[in-house]
Protein chains: 2
Amino acid sequence: MNAADGALRLENQLCFALYAASRAVIQAYQPLLKPLGITYPQYLALLVLWEGGSPRVGEIGERLDLDSATLTPMLKRMEKQGLLARDRQTVDQRQVRIRLTPAGKRLKSKAVGIPHTLACRYGAESIRQLLGLRDSLHDLRGRVRAGAPATA
Amino acid sequence: MNAADGALRLENQLCFALYAASRAVIQAYQPLLKPLGITYPQYLALLVLWEGGSPRVGEIGERLDLDSATLTPMLKRMEKQGLLARDRQTVDQRQVRIRLTPAGKRLKSKAVGIPHTLACRYGAESIRQLLGLRDSLHDLRGRVRAGAPATA
DNA sequence: AACTAATATATCGTATACGATCTAAAAGTC
DNA sequence: GACTTTTAGATCGTATACGATATATTAGTT
């Protein structure tokens, strides 16, 4: 019943609110992604690829904040599903470019309705609120990451 | 370049803002949790246990939104580390109660400073903003979960 | 009491995450 | 040009998540 109890209470933690909300939203995507045969992280990778171009593994990683330890196996699974191809470059043989197959490109048309469907499921009073929340989260991420390097 | 492109742009997605911010914040916890020898989900379970009592696996799961498939292995790891004990009840042999060992209780004193340290790392202009963000996230989680049952 | 339904965990399989390390190739240096 | 450093991915080990199923036990029904 001391002061620390309030500070350590689960529901008071911003981190838990984030963790729980993130998982809840990802679960809300499941019924929409299952018909497409993809997982939520795969959907994020496809969002990057649908924007065009043939990014390298590392470029996708920069967008999603994921490293090759996560991306390489995931991209290989997507390759096996026929959604994309992984081409090791000849100019710089360290690099691997990712490009969508026709099947991967076709999925985009099936996905266009997803953001709107989810926006409805968010059930917010106003879109503006959701946009504000989104921007606050991007800000928070930036501040937390900025504070990360102990050498700064 | 049609309207759908904006809707499918990665940075426009609230879900991605959540996903990325959640992972960034969890990573910010790592340097603080490593000295305690625990992971972030284990820290969340300890927050529940430090509140007192000997909750069942399912009760911890209700608080954290996690099921036994995730909790049972995690709690077993924590048991092996000597942080807690898993007692199958004799009254109802299906139930397993979790109670902290002295070592598990001692960890609390090492953790009391963590929320404050993180609050600083969030680098927000005001605490009020962070509290507002936290509450918005809890609201969002409630709305998304409420919309989940397709039979409702 | 025998049978059925519901409940509480546990287990299994698959897919992330991520720190640490490995490998190969490119870049920089003397 | 041989040597060192850096870089891009890949691999390994461990720890979550979570849908699906299994197991054991209790509750409910007739």
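Because the structure is a prediction, the values reported are computed rather than measured.
For the pair A:Val57 and B:Asp65, both in contact range of DNA chain D, the more 5′-proximal nearest nucleotide belongs to A:Val57.
Here the C1' atom of nucleotide C:dA8 and the CZ atom of B:Arg97 are 12 Å apart, to the nearest Å. Here D:dA17 presents its C1' atom at 12 Å from CD1 of B:Ile26, a figure rounded to the nearest Å. C:dA15 atom P lies 13 Å from atom CD of A:Gln30, rounded to whole Å. Remark: C1' of D:dA8 and CG of A:Leu71 are 12 Å apart, rounded to the nearest angstrom. The distance between atom OH of B:Tyr29 and atom P of C:dA17, rounded to the nearest whole Å, is 20 Å. B:Arg77 places its CZ atom 8 Å from the C1' atom of D:dT14, with the value rounded to the nearest Å.
Between A:Tyr40 and D:dA17 there is no side-chain N or O to OP1 or OP2 distance below 4.0 Å. Under 4.0 angstrom from either OP1 or OP2 of D:dT6 there lies no side-chain N or O belonging to A:Arg94. Of the side-chain N and O atoms in A:Gln42, one or more sit less than 4.0 angstrom from OP1 or OP2 of C:dT16. For the pair A:Tyr19 and D:dA17, the criterion of a side-chain N or O lying under 4.0 Å from OP1 or OP2 is met. In this structure, B:Thr39 reaches the D:dT16 phosphate: one of its side-chain N or O atoms is under 4.0 Å from OP1 or OP2. Proximity of A:Gln27 to the phosphate of D:dC18: a side-chain N or O atom is located under 4.0 Å from OP1 or OP2. Contact between the side-chain N/O atoms of B:Lys76 and the OP1/OP2 oxygens of C:dT11 is found at a separation under 4.0 Å. Residue A:Lys34 has no polar side-chain atom (N or O) positioned under 4.0 Å from OP1 or OP2 of D:dC18. The phosphate of C:dA10 has OP1 or OP2 within less than 4.0 Å of a side-chain N or O from B:Thr72. Distances shorter than 4.0 Å separate some side-chain N or O of A:Arg56 from OP1 or OP2 on D:dG9. Remark: A:Arg88 is not in phosphate contact with D:dA8, judged by side-chain N or O atoms under 4.0 Å from OP1 or OP2.
Side-chain proximity of A:Leu66 to the nucleotides C:dC18, D:dA10, C:dA15 is greatest for C:dC18. Distance from the side chain of A:Gln95 is smallest for D:dG9 among the nucleotides C:dT11, D:dA10, D:dG9. The A:Met74 side chain lies nearest to C:dT16 when the options are C:dT16, D:dT16, C:dA17. Taking every side-chain heavy atom of A:Asp67 into account, C:dG19 is the closest of D:dT26, C:dG19, C:dA26. For A:Pro41, the side-chain atoms get nearest to C:dT16 when compared with the rest of D:dA15, C:dT16, D:dT11. Side chain of B:Thr70, nearest nucleotide from D:dA17, C:dC18, C:dT11: D:dA17.
Contact check for A:Lys105 versus A:Arg99: no side-chain heavy atoms found under the 4.5 Å cut-off. Under the 4.5 Å side-chain criterion, counting only non-hydrogen atoms from C-beta, A:Leu100 is in contact with A:Leu46.
Ring pair B:Trp50/B:Tyr43 is perpendicular by interplanar angle, where above 60° counts as perpendicular and below 30° as parallel.
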- Message: I'd like to know whether B:Arg134 forms a salt bridge (charged side-chain N to carboxylate O under 4.0 Å, His left out) with A:Glu11, so could you lay out the CA-CA distance, the side-chain angles of the two residues, the decisive distance to 0.1 Å, and finally the verdict.
- Response: CA-CA 9 Å; B:Arg134 182 197 66 191; A:Glu11 279 77 9; over 6 Å; no
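One N or O donor and one acceptor, one from the side chain of A:Ser68 and one from the base of D:dA10, sit under 3.5 Å apart.
A donor-acceptor contact shorter than 3.5 Å is absent between the side chain of B:Gln81 and the backbone of B:Ile38.
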